[in-house]
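Order of listing sets the numbers, starting from 1, for every ligand and every atom in it. Count residues from 1 along the sequence. Because the structure is a prediction, the values reported are computed rather than measured.
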Amino acid sequence: MSLLPDSAALDPAGRLSVGGLDLLALAELHGTPLFVYDEAHIRARCAEAVAAFGDGVAYATKAFLCKAMARLAYEEGMCLDVATGGELEVALAAGVPASRLVLHGNNKSEAEVARALDVGVGRIVVDSFDEIALIGRLTDSRASGDPRPRVLVRVTPGVEAHTHEFVRTGQEDTKFGFSVASGAATEAVAALELMGGVELVGVHAHIGSQVFDVESFESAAEVLGSFAVSLGLPELVIGGGLGVAYVHGEHAPSITEWAQATRAALANVGLPADIRVSAEPGRAIVASAAITLYRVGAIKELPGIRTYVAVDGGMSDNPRPVLYGSGYEAFLPREAAAERPRAVRIVGKHCETGDVVVDEAHVPADLAVGDVLATPVTGAYGYSMASNYNKVPRPPVVFVSRGEARVVVRGETVEDLLRLDA
Ligand code: LLP
């Protein structure tokens with residue numbers, strides 16, 4: 001149950017509901033695969049982030065973004081971290097004021113920076129000397145009365161977070177940010193301070209994603225904090241990256257614990273209390289808010305080898321197992337608390353062996369073709385990294401709350417698959 005959304009509940013027969021709605025009924029109505037998000041769960045995590053960090057804390061939209069999600073995070077008092085022009089446009093289309101947006105990216109295009117300046121994004125996190133030059137050119141050509149964009153410098157604290165190497169970003173060997181150790185960060189600060197067109201407000205670091213150990217964040221906070229103390233700038237952002245539990249037996253710190261540990265580490269290095277300390281969690285806000293529902297279409301028992309259970313989605317709606325070897329749990333919403341003695345491999349419908357949903361799953365003994373099968377903790381980097389591989393349409397996304405479901409992203413159709421063809 002600890003991996004399920006906050007509002008998950010079992011009825012007397014053992015059937016699982018989320019947001020007051022029976023999951024099997026949702027699968028019947030909307031089809032499978034289906035992403036089901038518990039809206040109250042997301043709201044609660046946003047509220048926790050705002051309470052823990054205060055104004056300025058941003059939701060990292062790369063984890064999951066659609067207009068409804070952008071609006072929800074904004075309504076709950078969060079800013080939004082947008083890492084591309086596309087994420088920026090979705091947030092604006094949702095009605096989020098540009099002043100609540102933070103623009104990221106290690107290779108922002110001229111068009112992206114120009115658009116950010118035109119709409120007046122709240123913050124730009126600067127990542128390279130080439131970007132400093134680009135912002136310089138664009139701000140020089142603006143009218144003298146235009147407001148100056150507020151910028152932060154992204155630095156690499158030289159901390160190797162304990163996580164998958166693909167999502168580790170705080171070490172020296174990285175494409176992101178300016179190294180503190182090499183002096184590049186100091187140089188970047190000096191360059192921005194000399195530029196009349198921008199207002200340098202702070203420093204930023206992001207050490208990686210799916211990080212469980214608070215010590216990695218504390219180490220990064222110490223480096224970042226010491227650097228910030230010497231600069232006397234009013235803002236500091238410790239990035240995102242707080243891990244979440246995906247499988248039984250994993251435990252992650254809460255957003256509140258993460259904030260407390262970081263603040264303590266910053267205080268230890270003498271960061272003044274009036275500096276605005278902020279963060280930008282993505283996964284910790286949305287991951288465990290969602291469940292993916294699939295339908296089982298084929299079961300293949302290979303004697304002496306293993307049993308394959310094939311579902312109607314796979315690497316197109318969740319590429320994380322094939323990309324990072326990520327593990328998930330699987331269960332049957334029709335009897336969610338049932339014993340799961342049967343070891344199987346759950347696979348998708350794509351044309352490759354790597355198309356695994358759960359490599360070593362345990363399922364109830366009576367699992368059968370036609371069953372709806374659920375994987376929890378799919379709310380982050382599932383839909384947002386979904387693809388049309390094998391021309392599989394992306395599934396719909398529903399938000400459920402207090403007995404009502406609303407489709408926030410409709411499922412793709414064959415027309416959508418053909419939309420871009422000349
Ligand atoms: N801030 C920055 C600058 C980031 O690069 C990221 C994530 C975040 C915040 C949010 O991190 P979070 O709190 O969600 O861990 N696709 C991978 C994760 C990639 C994360 C990229 N950057 C996965 O599925 O595990």
Side-chain angles (χ1 to χ4, degrees), residues 42 45-46 48-49 52-53 56-65 69 73 78-84 87 101-108 123-128 131 152-157 161-171 174-178 202-214 216-217 220 224 236-247 250 252-255 258-259 262 278-290 292 315 317-328 375 377-387:
I42 313 177
R45 294 306 178 281
C46 292
E48 184 184 353
F53 285 101
V57 62
Y59 166 62
T61 61
K62 68 202 80 183
F64 169 62
L65 180 62
M69 181 62 218
M78 294 191 85
C79 290
L80 274 70
D81 148 3
V82 292
T84 63
E87 290 178 355
L101 303 180
V102 182
L103 181 68
H104 270 281
N106 71 303
N107 183 16
K108 302 175 186 75
R123 304 282 185 279
I124 299 176
V125 181
V126 177
D127 200 282
S128 69
E131 184 184 341
L152 289 89
V153 174
R154 175 161 176 175
V155 307
T156 40
H162 295 219
T163 187
H164 193 287
E165 62 167 315
F166 290 5
V167 296
R168 210 186 283 151
T169 50
Q171 69 283 8
T174 176
K175 69 171 181 167
F176 297 105
F178 300 91
V203 288
H204 171 288
H206 169 76
I207 56 168
S209 194
Q210 184 58 1
V211 179
F212 278 122
D213 67 312
V214 169
S216 293
F217 290 112
L224 187 64
L236 180 151
V237 180
I238 58 144
L242 179 63
V244 304
Y246 279 88
V247 293
E250 281 182 339
S254 68
I255 294 171
W258 177 46
T262 313
S278 209
E280 51 202 22
R283 192 190 311 267
I285 301 290
V286 286
S288 54
T292 306
M315 63 193 289
D317 59 76
N318 186 1
R320 299 193 70 258
V322 63
L323 278 176
Y324 319 114
S326 306
Y328 288 84
T375 50
V377 204
T378 54
Y381 305 108
Y383 193 85
S384 74
M385 295 204 295
S387 75

Student: Do D81 and K62 come close enough that some side-chain heavy atom pair is under 4.5 Å?
Tutor: yes
Student: Considering non-hydrogen atoms only, spot the tightest contact between R154 and V125 and give its length.
Tutor: CB-CG1, 3.7 Å
Student: Would you mind listing which atoms of ligand 1 come within a distance below 4.0 Å of any non-hydrogen atom of A60?
Tutor: 8 (C), 9 (C), 10 (C)
Student: For ligand 1, which part of R283 has a heavy atom less than 4.0 Å away: the side chain, the backbone, both, or neither?
Tutor: both
Student: Considering non-hydrogen atoms of the protein only, which is the closest contact for atom 14 (O) of ligand 1, and what is the distance?
Tutor: Y381 OH, 2.6 Å
Student: Could you list the atoms of ligand 1 found under 4.0 angstrom from a heavy atom of D81?
Tutor: 1 (N), 9 (C)
Student: What I'd like to find out is whether the side chain of R123 reaches to under 4.5 Å of the side chain of L103, using heavy atoms alone.
Tutor: no
Student: Heavy atoms only, cut-off 4.0 Å: how does M385 contact ligand 1, side chain, backbone, both, or neither?
Tutor: side chain
Student: So do the side chains of I255 and I285 get within less than 4.5 Å of each other, counting heavy atoms only?
Tutor: yes
Student: Provide, to 0.1 Å, the distance between atom 8 (C) of ligand 1 and the closest protein heavy atom, together with that atom's residue and name.
Tutor: H206 CE1, 3.4 Å
Student: How far apart are the closest heavy atoms of Q171 and T174, and which atoms are they?
Tutor: O-CG2, 3.0 Å
Student: How far is atom 19 (C) of ligand 1 from its nearest protein heavy atom, and which residue and atom is that?
Tutor: V167 CG1, 3.8 Å
Student: Under 6.0 Å between ring centres: does that hold for H204 and H104?
Tutor: yes
Student: Which one holds for E280 and ligand 1: side chain close, backbone close, both close, or neither close, with close meaning a heavy atom under 4.0 Å?
Tutor: both
Student: Please work out which of G241, A63, G177 has its closest non-hydrogen atom nearest to atom 11 (O) of ligand 1.
Tutor: G241
Student: Would you say P253 and L242 make side-chain contact, with heavy atoms under 4.5 Å?
Tutor: yes
Student: Any heavy atom of R154 sitting closer than 4.0 Å to ligand 1?
Tutor: yes
Student: Which ligand 1 atoms does G282 reach within 4.0 Å, using its non-hydrogen atoms?
Tutor: 12 (P), 13 (O), 14 (O)
Student: Would you say that P281 contacts W258 through its side chain, given a criterion of any heavy-atom pair below 4.5 Å between the two side chains?
Tutor: yes
Student: What residue and heavy atom of the protein are closest to atom 24 (O) of ligand 1, and at what distance?
Tutor: R320 NE, 2.6 Å
Student: May I ask whether P281 places a heavy atom under 4.0 Å from ligand 1?
Tutor: yes
Student: Between T375 and Y328 (side chain of the first, backbone of the second, donor and acceptor by atom type, cut-off under 3.5 Å), is there such a pair?
Tutor: no
Student: Any idea which protein heavy atom is nearest atom 7 (C) of ligand 1, and the distance to it?
Tutor: K62 CD, 3.4 Å
Student: Would you call Q210 and Y324 a side-chain contact if the rule is heavy atoms closer than 4.5 Å?
Tutor: no
Student: Decide whether an N or O pair under 3.5 Å exists between Y324 and ligand 1.
Tutor: yes
Student: What are the atoms of ligand 1, with element, lying closer than 4.0 Å to any heavy atom of H104?
Tutor: 3 (C)
Student: Under 4.0 Å, heavy-atom basis, I'd like to know which part of S209 is in contact with ligand 1: side chain, backbone, both or neither.
Tutor: both
Student: Is a donor on one side and an acceptor on the other found under 3.5 Å between the side chain of S288 and the backbone of V377?
Tutor: no
